[in-house]
Amino acid sequence: MEPCVNAQKMRRYVLLFLIIFDLLNPAFGVTHYSIPEEMEVGSVVANIATDLGLDIQSLTKRRMRLDVIANKKYLDVNKETGELFIVERIDREYLCPAKTSSCFLKLDATIENPVRMFNIELEILDINDNAPHFRRDVMHLDISESTPAGERFSLNNAVDSDIGSNSIKTYDLSESDHFTIEIQSGRDGSKLADLVLKKALDREEQAVHNLILTAVDGGVPSRSGTANIIVQVLDTNDNAPQFDEDSYTVHLNENYPVGSLVVRLNATDLDEGSNSEITYTFSLYTSEKTQETFSLNSETGEIRVKEMINYEDFKIYDMEIIATDKGANSLSGKCKLSILITDMNDNHPEISIKSFSGPVKEDIAVNSVIAVVSVSDKDSGENGQVDIHISDDLPFALKESSDNYYELLVSEPLDREKVPEYDITITVTDRGNPPLSDNETITLELLDINDNVPQFPQTFYTIPVMENNAPGALLSSLTAIDPDLHENQYLVYFIIEKEIVNTSMSMLFSINPENGNLYALKTFDYEIEKEFLFHIEARDSGVPPLSSNVTVHIIIMDQNDNTPLIVSPWRAHGSVVEEKIPRSTDKGTLIAKVIAIDSDSVHNSRITYQFLHNTDATLFSLDQYNGEIRTMRMFSYRDSRHQQLVVIAKDNGEPALSATVTIKLSTVETALKTYADMTEVPLGYDIFSDLNLYLVIGLGSVSFLLLITILVTIVLKCQKTKPSKAAPPCRNSVISERNSTIADSTLVSNDAYWYSLFLAETRKGKLVVRQPVPKGARYVVSSLPRSTGLTETSDSAASTLQVNIVLLFKGYCSMRCIFSFNDTAKILNWIFCLMLLCCIFLCICLYKMFMLPKENI
């Protein structure tokens with residue numbers, strides 16, 4: 001489509017040109033046409049018949065033809081239409097190789113009948129159908145990097161077959177920081193380009209520059225051609241060797257093997273050839289010690305260990321390495337190398353005792369300083385950080401006083417008696433891996449102070465001593481222990497004085513002051529003194545002295561040294577007792593009761609009874625434990641009227657002691673009452689006499705007053721603000737301190753033989769009354785005479801009345817001791833007085849009542 005449009009345009013140009021040419025040159029004989037080159041085949045140039053004035057109809061007959069030029073027929077005439085058209089493409093540059101301003105194609109047109117020739121001149125107009133091109137597509141330039149800026153370099157020009165405005169108009173250069181072009185015009189009008197260096201080259205920065213030069217013509221549209229320019233930058237020794245870094249830091253463990261590679265330094269030189277060959281050396285600023293420790297390979301830059309490295313000698317090695325090239329004018333570069341030695345845990349920590357205060361007293365104050373120690377470790381970092389400690393079981397502690405100095409303090413109270421000496425091991429350990437440690441042991445001796453009281457093994461000693469002991473006999477050894485030393489443990493023993501019944505303990509006992517041996521100074525009698533209670537003190541010789549005491553309980557042990565005493569049946573003189581019994585006594589009747597007492601201890605005082613002689617063994621029996629003699633059968637006419645019994649009372653001691661009693665029994669036919677029948681004797685007088693009436697009234701009054709007294713006492717007790725003190729012993733009480741002895745109708749006894757004594761005194765015709773002592777430990781036994789021949793009922797009534805009288809009298813004494821003589825106490829006192837008078841009145845009445853039957857008998 002585009003070639004058709006171009007042909008139409010060309011046709012218009014040709015017609016316009018012919019018209020103008022005809023108007024300007026009407027008289028010329030040459031027909032002139034102008035056409036652009038490269039028109040398409042078949043394109044009409046002009047109607048030549050018309051232009052030559054020929055008849056179109058006759059063209060065929062007259063055989064019109066055009067000449068052939070250079071064996072090529074470019075144009076031809078259409079004989080039917082008379083049009084001149086293009087037969088072959090016309091190339092102006094081919095027809096006119098010389099670059100001239102105009103190019104003409106001359107043709108001759110011939111017709112016959114008649115023969116006639118026409119000169120035709122066809123001007124071929126140039127079109128921009130050729131692009132500029134360079135004779136060499138690649139141009140090589142060698143430029144030294146030392147070439148100064150502004151230097152010019154000639155380039156091969158580009159060529160363009162077209163002419164005029166279609167020829168080369170300008171040159172363009174690809175973008176470059178170092179080059180530009182400068183365009184000049186030649187004498188023939190051609191365009192010339194020079195390469196200009198606008199910035200100095202650096203081969204090390206860019207050794208080769210690739211440029212593109214473009215030639216552009218002035219046609220429409222324009223055409224262009226390109227060529228590559230390769231600029232090779234030539235080297236000069238303008239670069240000094242350079243290390244990768246200005247300074248290096250290398251960490252190296254101490255004790256690194258000799259000959260081992262430390263680091264390989266690498267310096268580079270951007271130059272080429274000999275300008276880039278480098279040698280390495282130590283600078284003058286590198287110390288001799290460093291050069292002795294490390295070696296440097298001058299060719300490779302390797303640094304190796306030359307001798308053993310010790311962190312404690314040098315921690316950092318600084319060196320300066322110089323790299324020099326081998327150029328004509330050699331250049332050099334340098335770097336600094338720092339080798340940091342890393343500490344290895346190869347040094348044990350050290351501990352040193354700077355001061356030590358020993359020995360010390362055991363009462364040294366807590367937090368007192370007894371030693372100062374210092375620790376050190378030649379290693380560094382964690383390898384040089386140390387931890388110090390002692391055993392947790394020791395009463396000491398470590399406290400840091402300053403850097404690497406520690407104080408050994410007393411953390412707990414010390415006691416020489418528990419631990420007299422301490423071996424204190426101080427251990428120091430570093431924090432390396434593996435950790436290393438060291439230790440130091442100090443011995444601390446404790447000095448004694450008198451801080452311990454003498455101690456007895458027991459707080460209470462019970463020492464049994466057999467009665468009848470020899471004076472001066474060793475009783476026991478009371479030894480105290482004092483764990484202190486020297487004079488603080490020397491003990492002295494003595495008895496703490498205590499008087500007993502005007503007798504000092506030092507008169508009874510003696511103790512050795514040096515060893516604590518206790519001796520008896522007299523012979524003891526169990527029946528007189530049964531026990532002693534006193535204190536012994538042990539005192540040390542310290543300053544001030546300390547002491548302690550112990551309670552000693554001496555118990556007198558009984559020996560069987562007392563013969564049993566027969567107290568029943570009662571014997572007035574000698575050891576023979578005569579008794580009369582009815583012959584009609586029944587079987588099992590109590591004939592007599594033998595009672596013996598022994599003042600020895602319970603074990604030795606156990607008495608057994610046996611027949612030593614029995615006239616008829618089938619008639620009487622003896623209970624070996626209570627001494628009762630009973631009939632085993634009734635008397636017969638064959639039995640003797642007189643029976644003799646010998647009873648032996650034997651104690652339980654070793655050897656056993658005994659006493660005997662002879663009982664002579666005589667049988668009588670009279671109806672005498674035995675002990676068993678006494679309870680059935682009827683009263684022989686009127687119970688309800690006037691005297692008995694008085695007795696009943698008196699008993700009622702006493703009971704009424706007793707009830708009122710009890711009620712008043714209870715009320716007063718409840719109203720008291722504080723408890724009353726224990727009543728002191730009443731002075732009206734009759735108490736004897738002698739046991740097992742009958743004196744003045746009053747007996748102090750224990751429960752062991754109370755019943756036996758009761759029966760014995762009863763047999764003697766006395767009434768026995770048992771009264772509690774205020775302390776509750778003893779009993780008052782009062783024996784009162786009574787009349788014989790009374791019935792059991794009368795005896796029982798008299799005994800009951802007598803007991804009541806004694807109890808009332810005892811209560812009166814107790815109440816006088818309990819209450820102080822205030823108003824209330826006075827009232828109670830009067831009440832008791834009235835009761836006492838009533839009791840006396842009752843006694844008189846009873847006496848008369850009991851005596852009347854006796855007088856009647």
Side-chain angles (χ1 to χ4, degrees), residues 348-377 386-431 435-461 477-493 513-516 536-551:
H348 287 264
E350 297 178 356
I351 183 170
S352 175
I353 308 298
K354 296 300 181 184
S355 67
F356 174 62
S357 301
V360 297
K361 291 185 177 181
E362 61 177 321
D363 64 343
I364 184 172
V366 176
N367 294 328
S368 298
V369 179
I370 59 175
V372 176
V373 298
S374 67
V375 296
S376 62
D377 194 324
V386 296
D387 297 318
I388 185 171
H389 65 277
I390 59 176
S391 175
D392 295 335
D393 299 332
L394 297 176
F396 304 98
L398 287 169
K399 178 183 178 183
E400 186 174 6
S401 58
S402 60
D403 291 342
N404 297 327
Y405 280 85
Y406 294 85
E407 295 176 346
L408 182 63
L409 307 176
V410 178
S411 62
E412 298 176 10
L414 304 180
D415 190 351
R416 189 206 62 81
E417 287 70 34
K418 292 181 179 179
V419 182
E421 185 177 86
Y422 289 94
D423 289 329
I424 307 171
T425 300
I426 304 174
T427 304
V428 59
T429 306
D430 61 24
R431 299 180 184 177
L436 301 178
S437 62
D438 190 15
N439 60 72
E440 185 74 23
T441 301
I442 58 177
T443 300
L444 178 64
E445 180 183 357
L446 300 184
L447 299 179
D448 181 54
I449 63 170
N450 193 23
D451 59 341
N452 289 278
V453 177
Q455 295 291 334
F456 287 92
Q458 302 172 218
T459 59
F460 190 90
Y461 284 89
S477 180
L478 307 178
T479 305
I481 299 174
D482 193 329
D484 294 327
L485 292 178
H486 309 305
E487 68 276 0
N488 295 330
Q489 72 172 169
Y490 295 149
L491 303 181
V492 177
Y493 303 89
E514 294 182 357
N515 56 25
I536 292 178
E537 181 175 314
R539 181 182 300 168
D540 62 25
S541 302
V543 178
L546 301 177
S547 63
S548 65
N549 56 60
V550 66
T551 302

Criterion side-chain contact (heavy atoms from CB on, under 4.5 Å) against Arg416, the qualifying member of Lys361, Glu445, Glu362, Glu421: Glu362
Option among Asp438, Leu398, Val375 that satisfies the side-chain contact (heavy atoms from CB on, under 4.5 Å) test with Ile426: Leu398
side-chain contact (heavy atoms from CB on, under 4.5 Å) between Val550 and Gln458, intermediate numbers included: CA-CA 8 Å; Val550 66; Gln458 302 172 218; 5.6 Å; no
Any donor-acceptor pair under 3.5 Å from Asn515 side chain to Ser477 backbone: no
Any donor-acceptor pair under 3.5 Å from Ser548 side chain to Pro454 backbone: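 Confirmed, Ser548 side chain pairs with Pro454 backbone.
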Is a donor from one side chain sitting under 3.5 angstrom from an acceptor on the other, for [X] and [Y]?
X      : Y      : result
Thr443 : Asp423 : yes
Asn488 : Asp540 : no
Asn452 : Asp484 : yes

More than 12 heavy atoms from other groups under 6.0 Å of CD on Glu412: yes
Phe356 atom CZ, over 12 foreign heavy atoms within 6.0 Å: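 Yes, enclosed.
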Distance check, rounded to the nearest 0.5 Å: [X] atom [atom1] versus [Y] atom [atom2]?
X      : Y      : atom1 : atom2 : value
Gln455 : Thr479 : CD    : OG1   : 14.0 Å
Lys354 : Ser401 : NZ    : OG    : 12.0 Å
Leu414 : Leu444 : CG    : CG    : 7.5 Å

Trace of the side-chain contact (heavy atoms from CB on, under 4.5 Å) decision for Leu409 with Ile370: CA-CA 6 Å; Leu409 307 176; Ile370 59 175; over 6 Å; no
